[in-house]
Structure formats: structure tokens, C-alpha cells
Amino acid sequence: HPVSDENGRRGRLWHTLLLSKWEPLFAWLPIESIIYDNQKGYYNAINVSNEEGGSTVFIEFMLSVIKKALYEAIGEKKIEYKNAVKADMRWEVIDGFLKNNDYIMNKDVQMLFGVSSATATRILSGFIKSEKLKRIRIGSHWGYVKTL
């Protein structure tokens, strides 16, 4: 504590400044308000971190506050955003698979994501709809390749 009072507020100001230099959106997030609404959890995280001599609990608390602020900023778009992020992550995995393989099949998607055959079909269908994949015949089964 460099000064006798307001150390927490200064620290939160610094973390907002650092985050907003990395991503300007953070300058507008109500992180301070969410911390105020969760003061008990905030002080508990500080106390536990002090007792343990490590900052993990406090960092996890602050990350949960940042996550909540981001979700509030997204508002009604939260579910839409979450699904878009999941689709982007899935595409990265499928795209990586296709860099080493000529095609991908439903069973490959099941294995990559730990999902059922029906869910794998929905995933593949979504990428066909977005024109990232097209369906081709591989023997008696369907395979999927990247569109050109």
C-alpha cells in the first residue's frame, strides 16, 4: 500500500488503464461498478490471496468481474456472440484438420469436439450454409472439403 488511503481505487484505475491500452473497449466497461456490487467477494478474494501468499484467487475474481462486464456490454447479443465465438473456434479446429487431411467426415468432427453424430452433422451443416465447406462423396460416406 503506497499511500494511507485509496490504494484499491488507484489499483483498479491502473488495471483499467492497462486493459484499455490493450483494447479500448475496456475504458467503457463498468468494472468498478460491478466490483462495488460485489464488495464482499472482492474483499474476500484479497484476504484469501493475502493469506495464501499468492494472487490466484484475486486474479480469478477480477477475471470473473471483467467477464460479467463484457457480458453486460454485449447485453442481448450475449448468446449470439457466444455462439459466434464457438463457431469461430470450431472452424479453426476444422481448418487445421483440413490442412493435414484431404477431407473431414462426421466421425472426425465427433472425435475433435467430443460430440454426438447429430451434433457433428449440425456443425458441418452450419459450415456448409456459411459456404466454408462443401459435401462430397467418399466411397459410401459423405466427406467435407473447404470451398475454394
Side-chain angles (χ1 to χ4, degrees), residues 1-101 103-135 142-147:
H1 289 55
V3 294
S4 62
D5 196 18
E6 302 290 329
N7 288 291
R9 195 173 313 251
R10 283 186 179 90
R12 292 186 299 277
L13 177 65
W14 271 106
H15 105 246
T16 298
L17 176 67
L18 292 171
L19 287 171
S20 64
K21 286 210 176 268
W22 174 68
E23 172 58 57
L25 167 71
F26 284 103
W28 304 104
L29 292 178
I31 294 171
E32 185 77 22
S33 297
I34 294 171
I35 290 171
Y36 181 78
D37 292 343
N38 295 286
Q39 276 186 342
K40 185 176 179 181
Y42 175 76
Y43 288 116
N44 183 54
I46 289 172
N47 291 334
V48 169
S49 291
N50 285 338
E51 289 168 13
E52 292 180 353
S55 56
T56 302
V57 172
F58 181 73
I59 290 169
E60 288 173 343
F61 173 83
M62 291 305 295
L63 288 172
S64 72
V65 167
I66 292 167
K67 180 179 177 180
K68 183 174 182 177
L70 286 168
Y71 278 155
E72 286 181 6
I74 293 167
E76 294 170 5
K77 300 264 185 199
K78 181 170 108 177
I79 293 170
E80 202 174 292
Y81 174 78
K82 189 174 175 182
N83 289 339
V85 168
K86 186 185 283 186
D88 288 344
M89 290 177 5
R90 284 178 169 164
W91 175 250
E92 291 298 318
V93 172
I94 290 171
D95 189 40
F97 182 90
L98 289 170
K99 286 180 179 160
N100 298 314
N101 299 277
Y103 55 86
I104 191 166
M105 298 178 80
N106 184 294
K107 66 180 173 73
D108 299 317
V109 174
Q110 290 177 53
M111 180 202 60
L112 288 170
F113 301 114
V115 296
S116 68
S117 177
T119 300
T121 299
R122 281 193 297 279
I123 291 167
L124 291 164
S125 296
F127 291 126
I128 289 171
K129 192 181 287 186
S130 66
E131 299 181 349
K132 290 183 176 184
L133 293 176
K134 67 179 178 179
R135 193 165 70 159
W142 290 106
Y144 302 84
V145 295
K146 286 173 59 172
T147 56

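When atom types are taken as modelled, the side chain of Ser49 and the backbone of Ile46 share no donor-acceptor pair closer than 3.5 angstrom. Side chain of Asn44 to main chain of Lys40: no donor-acceptor pair is present (N/O by atom type, distance under 3.5 Å, no hydrogens or angles).
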Identify all side-chain donor-acceptor contacts of residues 90-101 below 3.5 Å with residues at least two apart in sequence or on another chain.
| from | atom 1 | to | atom 2 | distance (Å) |
| --- | --- | --- | --- | --- |
| Asp95 | OD1 | Lys146 | NZ | 2.6 |
| Asn101 | ND2 | Phe97 | O | 2.8 |

Counting only pairs under 3.5 Å, give me each side-chain donor-acceptor contact of residues 111-119, with atom names and distances, residues two or more places apart or in other chains.
| from | atom 1 | to | atom 2 | distance (Å) |
| --- | --- | --- | --- | --- |
| Ser116 | OG | Thr119 | N | 3.2 |
| Ser116 | OG | Thr119 | OG1 | 3.2 |
| Ser117 | OG | Asn106 | OD1 | 3.4 |
| Thr119 | OG1 | Arg122 | NH2 | 3.0 |

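Here Tyr144 contributes atom OH and Asp108 contributes atom CG; the two are 11.0 Å apart, rounded to the nearest 0.5 Å. Rounding to the nearest 0.5 angstrom, the gap separating the CG atom in Leu124 from the NZ atom in Lys132 is 13.0 Å. Residue Glu60 holds its CD atom at 6.0 Å from OG1 of Thr56, rounded to the nearest 0.5 Å. For the atom pair OH of Tyr42 and CG of Asp37, the computed distance is 14.0 Å after rounding to the nearest 0.5 Å. Once rounded to the nearest 0.5 Å, the distance linking CG of Asn50 with OG of Ser55 reads 10.0 Å.
Every residue two or more places apart in sequence or in another chain was checked for a side-chain hydrogen bond (donor to acceptor under 3.5 Å, both in side chains) with Arg135, and none qualifies. Considering only residues two or more places apart in sequence or on other chains, Glu131 meets the side-chain contact (heavy atoms from CB on, under 4.5 Å) condition with none of them. Every residue was checked against the side-chain hydrogen bond (donor to acceptor under 3.5 Å, both in side chains) condition with Asn47, not counting sequence neighbours, and none meets it. Scored by the side-chain contact (heavy atoms from CB on, under 4.5 Å) test, Glu52 finds Val48, Val57 as partners (sequence neighbours excluded). In this structure, Ser125 has no side-chain hydrogen bond (donor to acceptor under 3.5 Å, both in side chains) partners at least two apart in sequence or on a different chain. Tyr103 meets the ring pair (Phe, Tyr, Trp, His ring centres under 6.0 Å) test with no other residue; sequence neighbours excluded. Taking Lys107 as the reference, nothing meets the side-chain hydrogen bond (donor to acceptor under 3.5 Å, both in side chains) condition, with sequence neighbours excluded.
Closest non-hydrogen pair, Ala45 versus Phe58, comes out as CB-CA, 3.9 Å. The two residues Gly143 and Met105 have their closest heavy-atom pair at CA-CG, 4.2 Å.
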